[in-house]
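This report concerns only the one structure given below.
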Amino acid sequence: MLQLISLLVENKPGALMRVTGVLSARGYNIESLTVARTLDPELSRMTIQAEVEAAIRPLVIKQIQRLVNVVQAVDLTDTQAVCRELMLVKVRVSDEMRAALLKEAEVFRARVVDAAPGAYTLEATGASEKLDAFLEMMRTYGEIEVIRSGAMAMPRSTKENKRVTTKGKDLRKVSV
Amino acid sequence: MVMKGARIVLEALAREGCEVIFGYPGGVTLPIYDSLYDHHIRHILVRHEENACFAAEGYARSTGKVGVCMATSGPGATNLVTGLVDALMDSIPVVAITGQVPQNLIGRDAFQEADTFGITRSCTKHNYLVKDVNDLARSIHEAFHIASTGRPGPVLVDITKDVLLSQGMYHAPGPIHLRGYKVSLEGHAGQIKRAAQMIWEAERPYVYAGGGIVASGAAEELREFAEVLEAPVAETLMGLGSLASEHPHCIGLLGMHGSYAANMGISNADLLIALGVRFDDRVTGRLEAFARHAKVVHVDIDPAEIGKNRHADLPIVGDVKHVLGRLNKLLAETKGTEGRAKAQARARWMEQTREWRQLHPFSTAYSDTEIKPQFLVREIDRVLGGNAILSADVGQHQMWAAQYVRFKRPRQWINSGGLGAMGFGLPAAIGAQCGNPDKLVFALIGDGGFQMSLPELSTIASYGLPIKIVVMNNGCLGMIRQWQELFYNKRYCAMELDSFPNCELLAAAFGMKGRTIDKPQQVAEALHEAIEEPGPYLLNVKVTPEENVYPMVPAGGAVNEMILDTPAPVEVGD
Ligand SMILES: Cc1ncc(C[n+]2csc(CCOP(=O)(O)OP(=O)(O)O)c2C)c(N)n1
């Protein structure tokens, strides 16, 4: 299973490299990584999925947390975190199949974001497994091209996030 | 105040208490050198940037203050790398200033451009690339803050040449607040209380003291702790001197070349009190066999150390000085009550470790005709009497020094522990001497490491640093020879070092005194001569090459399965 890491990092040059360095120094492959600013423009939220053995995970979190630019590091692997991914799929589809494809897309709540003769580009969001299933389905209509964002994860507002590790003050009260 | 960036660098350094910079100039740092021309900060021109960083470390390790080194862009900066990693491994506060090509040239393969920020990212605790003169002062003050607080370490500030040349404001630093950088000093009160309970419940408590004691200045607290508890204290290579070697509770070095008593102690203890240590593999040997009867109380300021190599039954994240201070108080209060139950068992245990010490003390190898390296180091210890700073290089001589040389306090013992970087000893002695002009500084170096740092003889000569250099000359890379003898069937390869230069001529070439000796009767007298010489002194001591450092725990072996030069031990206790 992949480790799911959620980070709050200072929005500074090199911060991303410091974080990924902790993983790459051990030869761990990063499966996905998303990063963007938070409401606080000085901070970015990063979600990382990486191949890390279970025994090493707490250490990885602590070593990332130790970085000067990292405000908060949380392991969401075995939590109920909400985890979503965005995907764009371009499907080359014959004229007679277009209607069927659109219907199928609807089942997965995918939207058409571009249409051209012979091809649709669809946008879908959801849990990674759902997107995998959607892709399998789209493959049956014709040749596909895919871009995935990688997972974004947010802890659920339950007792769970009381376990959030923060440096110093309680960051859960800061809305970012 | 408005001033040039280069001047801001010096203002900020001066404000941080920097008295000396170890450096080497180059094209892009020339503006700083131009400002240094009429500035009170002293600059020591070393002969290689790697040595600038080692010297800054020697200064920091011996004084406890932040060491500062400086190098130009490209090759200057890349030459710093070994020193930065060394400081990172041993948690030594160093601030490195490097020049970078002007920012309009960055990324264009400009002359002497290197991605210093990228290269040193994993070699430092933190690093900066300064591209705006208005960020300059703050970056340098933050660098000192980060380097010297929490778990200390090296911080590099890379500054583009245009920043050094442009005019900016120098603001005195306000309190530094970094959102991602928090240090907890205090330690959890409840955990400290539980630690006290665990301690009084133990029959065979054992104190494992490391570099954290030195870094936090907790030597006094450690002594009190050992005395209240009446437990044996073993020291790591980085912790030597944290408890005076002569203290009755001190059982010396622990680990691969640790004392029999220290290694047997840790293997039989039922409680390990680990203070400012990181359970390094050179200490633990095979982890599964390490301290297998012991519960572990682990105190460290770096949360990432807790549970990294060994599970901590009771973790305490905090500054070891704070934590021990409070723990000592608790223990003193409860000694007469809770402390009584196991007092007898503890006394028996202390007695047991003393017996181990007598059973297998460190080797007393001696010959009338040739100088045994062990004898050389014992003589150095005897002559110095715990009153000097001793900087060692890396190899057999370092291990013998760690075994034999007695220290009265922390910061007398300077060595490259975690990285084991040959070439460290001599430049580190330069830094130590600059930071302690009135103290006697000895450098004990192998003939291999000495030849790695030869150019620094020139630095020593030109600044008249009265360092006493002792080369333990065994004509080979001793530690390599030892491993090839023990683990590679004596298939000696690439370990011989012939054509060592004529020491007297070499020393004379640098205008210093030099002498070669090869008889045991000459050792003490030559050491005294070195000490009495007002300037630097180079003493080349020819020793028996075929001596090994014992005890030895083979890499990956169990700590209590030491190779001794005496018959194998029988395990005592359970
Ligand atoms: C920079 C560096 N290169 C290689 C080594 C590996 N090494 C460890 S000890 C040693 C031999 C050191 O020989 P010498 O300086 O003569 O000291 P001795 O062991 O003889 O006391 C070597 C090569 C090292 N520690 N550092």
Side-chain angles (χ1 to χ4, degrees), chain A residues 5-28 37-46 52-75 163-171 173-174 176, chain B residues 85 88 91 103 106-107 115-132 135 138-139 142-143 145-147 149-151 153-158 176-186 278-279 287 300-312 315 317:
Chain A
I5 301 168
S6 175
L7 305 175
L8 207 51
V9 297
E10 284 186 289
N11 197 355
K12 293 206 167 146
L16 175 64
M17 188 170 72
R18 294 182 206 282
V19 169
T20 56
V22 172
L23 296 160
S24 66
R26 298 167 172 272
Y28 289 149
R37 277 193 191 191
T38 60
L39 292 179
D40 177 342
E42 283 182 8
L43 299 179
S44 296
R45 175 66 72 180
M46 258 184 223
V52 180
E53 306 99 86
I56 302 294
R57 286 177 194 157
L59 180 60
V60 165
I61 294 290
K62 284 198 261 186
Q63 290 182 341
I64 293 177
Q65 177 83 74
R66 178 163 73 176
L67 299 169
V68 171
N69 291 148
V70 174
V71 175
Q72 180 196 54
V74 192
D75 189 351
R163 293 211 313 259
V164 162
T165 48
T166 58
K167 286 183 194 173
K169 65 178 178 187
D170 187 352
L171 283 149
K173 294 189 193 115
V174 190
V176 279
Chain B
V85 180
L88 184 68
S91 307
Q103 51 186 302
I106 292 183
D115 174 14
T116 304
F117 185 61
I119 291 168
T120 61
R121 191 255 313 148
S122 63
C123 309
T124 51
K125 183 173 171 186
H126 195 62
N127 62 2
Y128 290 87
L129 170 60
V130 183
K131 290 163 62 188
D132 181 342
D135 293 337
R138 185 183 47 77
S139 302
E142 283 181 14
H145 177 70
I146 293 169
T149 57
R151 177 179 184 167
V155 181
L156 179 135
V157 186
D158 195 31
I176 288 171
H177 171 73
L178 299 166
R179 292 183 80 166
Y181 183 72
K182 302 270 161 18
V183 178
S184 40
L185 293 176
E186 289 300 318
R278 55 189 177 85
F279 292 84
L287 261 176
D300 205 282
I301 197 156
D302 180 0
E305 279 309 325
I306 307 281
K308 182 182 77 178
N309 292 336
R310 167 72 185 244
H311 168 74
V317 175

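Letters go in sequence order (proteins before strands), and every chain restarts at 1.
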Item to check | Heavy-atom neighbours of A:Arg26 CZ exceed 12 at 6.0 Å | outcome: yes
Item to check | Student check: side-chain heavy atoms of A:Arg18 and B:His126 closer than 4.5 Å | outcome: yes
Checklist outcome for this item: Separation between CG (A:Leu59) and CD1 (B:Ile306), nearest 0.5 Å, reads 11.5 Å
Checklist outcome for this item: d(A:Glu42 CD, B:Arg179 CZ) to nearest 0.5 Å is 5.5 Å
Next on the checklist: At a 4.5 Å cut-off on heavy atoms, which part of B:Leu129 comes close to chain A: side chain, backbone, both, or neither?
Outcome noted: neither
Checklist entry - What pair of heavy atoms forms the shortest contact from B:Ala304 to A:Arg66, and how long is it? => result CB-NH1, 3.8 Å
Checklist entry - Between B:Lys125 and A:Val68, is there a donor-acceptor pair closer than 3.5 Å when you use the side chain of the first and the backbone of the second? => result no
Next on the checklist: Holding to side chain to side chain contact (heavy atoms under 4.5 Å, CB included), I want the full list of residues that pass it with A:Val22, two or more places apart in sequence or in another chain.
Outcome noted: A:Gln63, A:Ile64, A:Leu67
Next on the checklist: For B:Arg151, give me all partners under side chain to side chain donor-acceptor pair (under 3.5 Å), at least two apart in sequence or on another chain.
Outcome noted: B:Ser91, B:Asp302, B:Glu305
Checklist entry - If every non-hydrogen atom of B:Arg121 is compared with every non-hydrogen atom of A:Gly21, which pair is closest and at what distance? => result NH1-CA, 3.5 Å
Item to check | Atom pair CD (A:Glu10) and OH (B:Tyr181), whose distance is rounded to the nearest 0.5 Å | outcome: 13.0 Å
